[in-house]
Student: 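The structure that follows is given in the form of structure tokens.
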Amino acid sequence: MCGIVGYIGKREAASILLEGLKRLEYRGYDSAGLAIARGGSLTVSKCKGRVRDLERILPKKIKGAPGIGHTRWATHGEPSDANAHPHTDASGNIAVIHNGIIENAAALRARLTAEGVVFRSETDTEVLVHLIAAAPGPTLREAVAQALKQVTGTYGIAVVDAARPQSIVVARNGSP
Ligand code: GLU
């Protein structure tokens, strides 16, 4: 159970998210990542390793807000760039970060795969973003609530949608 940080407001999110992730480093983690919305699309950077490794791979002039940042302690899938959070939906517009464990992830993954979803990680977390993308909404908050009704397990999550950048949606169940 590692770190989640989000920023919404008038400032550029990147340096605020990095500072937040650095403050959470004491919790231990194996990878780090962030997603930042700007102009209707998301920039996602993530890697296995330390927050300073993430800083090295970040695009130099990354701008925008809102944004979310994550440090991962792997439970489902090895520590790797692909398994690092955030995870995005097929459009690349919606990003999710998650601490905890989705207990029915295998069944949800099988169902979503049968429906044509292509998974890009081995994590339990990735099912969440595809469920949110498929939920009718209409608001991001509603879509997240509808997705979470299908999930059992523990979670702290934060979600951004570049198409609906007015909010970061957060939820928790059993995770600190
Ligand atoms: N279960 C998720 C994963 O393995 C989240 C782990 C965590 O709490 O950092 O990616």
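Only heavy atoms go into these numbers, but all of them, side chains included; no hydrogens, no water, no symmetry mates. Numbering of ligands and ligand atoms starts at 1, following listing order.
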Student: Would you name the heavy atoms of S31 and K48 that are closest together and state the gap between them?
Tutor: CB-CA, 3.6 Å

Student: Assess the residue pair V160 and I94 against the criterion (side chain to side chain contact (heavy atoms under 4.5 Å, CB included)); give the C-alpha distance rounded to whole Å, side-chain angles, the decisive distance to 0.1 Å, and a yes or no.
Tutor: CA-CA 6 Å; V160 287; I94 303 175; over 6 Å; no

Student: Report the member of H98, E78, E126, R72 with the shortest heavy-atom distance to atom 3 (C) of ligand 1.
Tutor: R72

Student: Side chains of Q150 and R111: do they bring a donor and an acceptor to under 3.5 Å?
Tutor: yes

Student: Pick one of side chain, backbone, both or neither for how T75 approaches ligand 1, counting any non-hydrogen atom pair under 4.0 Å.
Tutor: both

Student: Do any N/O atoms on H76 end up under 3.5 angstrom from N/O atoms on ligand 1?
Tutor: yes

Student: Decide whether an N or O pair under 3.5 Å exists between I101 and ligand 1.
Tutor: no

Student: Please test N99 against H70 for side-chain hydrogen bond (donor to acceptor under 3.5 Å, both in side chains), starting from the C-alpha separation and ending with a verdict.
Tutor: CA-CA 9 Å; N99 288 149; H70 185 261; 2.9 Å; yes

Student: Could you tell me whether R120 atom CZ has more than 12 heavy atoms of other residues or ligands within 6.0 Å of it?
Tutor: yes

Student: Establish, yes or no, whether the cationic atom of R172 lies under 6.0 Å from the six-membered ring centre of Y155 and within 45° of the ring axis.
Tutor: no

Student: N83 versus ligand 1: do any nitrogen or oxygen atoms come within less than 3.5 Å of each other?
Tutor: no

Student: Side chain or backbone of T125 under 4.0 Å from ligand 1, or both, or neither, by non-hydrogen atoms?
Tutor: side chain

Student: With a 4.0 Å cut-off on heavy atoms, is G77 in contact with ligand 1?
Tutor: no

